[in-house]
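Here's the structure, in structure tokens; my notes come after.
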Amino acid sequence: MNDQSMSTCSIPHTDTNPLSYTILWSPLPPITWILPFIGHMGIATSRGVACDFQGPYSVGDRGRMAFGKPTRALQIDISSLRGE
């Protein structure tokens, strides 16, 4: 698994896209300043596009997270997942 800082939410699709299959996290100021484990989470698709819940009945899937750019990413190893 990989933990890294990022400067953007959406990166053009390549075979080695660093955001493919990742869980993303961004801080929620000022709450995160007091409780550092509190933040906003999202996921990135196989193309590296960030998706998150941005309100009631609204899912943001255009690469922009509701509370700014993600600062942490946890990459999922898809080769270990069972599937069809």
Side-chain angles (χ1 to χ4, degrees):
M1 290 193 235
N2 193 359
D3 191 20
Q4 59 188 2
S5 294
M6 262 138 319
S7 60
T8 184
C9 291
S10 182
I11 296 174
H13 176 60
T14 63
D15 291 339
T16 59
N17 191 330
L19 289 183
S20 294
Y21 307 108
T22 55
I23 299 171
L24 305 169
W25 184 88
S26 63
L28 295 171
I31 297 169
T32 305
W33 301 337
I34 298 165
L35 300 167
F37 54 87
I38 301 292
H40 182 71
M41 294 186 73
I43 59 171
T45 64
S46 61
R47 295 181 185 168
V49 177
C51 302
D52 65 339
F53 290 106
Q54 297 183 351
Y57 310 108
S58 176
V59 176
D61 61 354
R62 294 193 175 138
R64 290 186 219 124
M65 291 183 65
F67 294 95
K69 297 176 181 177
T71 57
R72 299 186 66 109
L74 179 66
Q75 191 151 28
I76 301 168
D77 181 16
I78 62 167
S79 65
S80 63
L81 300 176
R82 294 181 0 200
E84 296 181 42

In this structure, would Phe37 and Ile31 fall into the same cluster of hydrophobic residues linked by side-chain contacts under 4.5 Å?
yes

Hey, is the main chain of Ser46 close enough, under 3.5 Å, to the side chain of Ser20 for a donor-acceptor pair?
yes

Does Leu35 belong to the same Ile/Leu/Val/Met/Phe/Trp/Tyr cluster as Trp33, with side-chain heavy atoms less than 4.5 Å apart forming each link?
no

Would you indicate whether the side-chain heavy atoms of Leu24 and Leu19 approach each other to under 4.5 Å?
yes

Would you say Ser58's side chain and Gly55's backbone share a donor-acceptor pair under 3.5 angstrom?
no

Looking at Trp25 and Ile38, what are the two nearest heavy atoms and their distance?
CZ2-O, 3.4 Å

If you take all heavy atoms of Ile34 and Pro36, which pair is closest and at what distance?
O-CD, 3.5 Å

Hydrophobic cluster identity match, Met41 and Ile76, side-chain contacts under 4.5 Å:
yes

Testing the basics here: between Cys51 and Thr45, what is the closest heavy-atom pair and its distance to 0.1 Å?
SG-CG2, 3.8 Å

I need the Ser26 OG to Asp52 CG distance, nearest 0.5 Å.
7.5 Å

So do the side chains of Pro27 and Phe67 get within less than 4.5 Å of each other, counting heavy atoms only?
no

Close side-chain approach of Val49 to Asp61, heavy-atom, < 4.5 Å
no

Distance-minimising heavy-atom pair for Met65 and Ala50
CG-CB, 4.0 Å

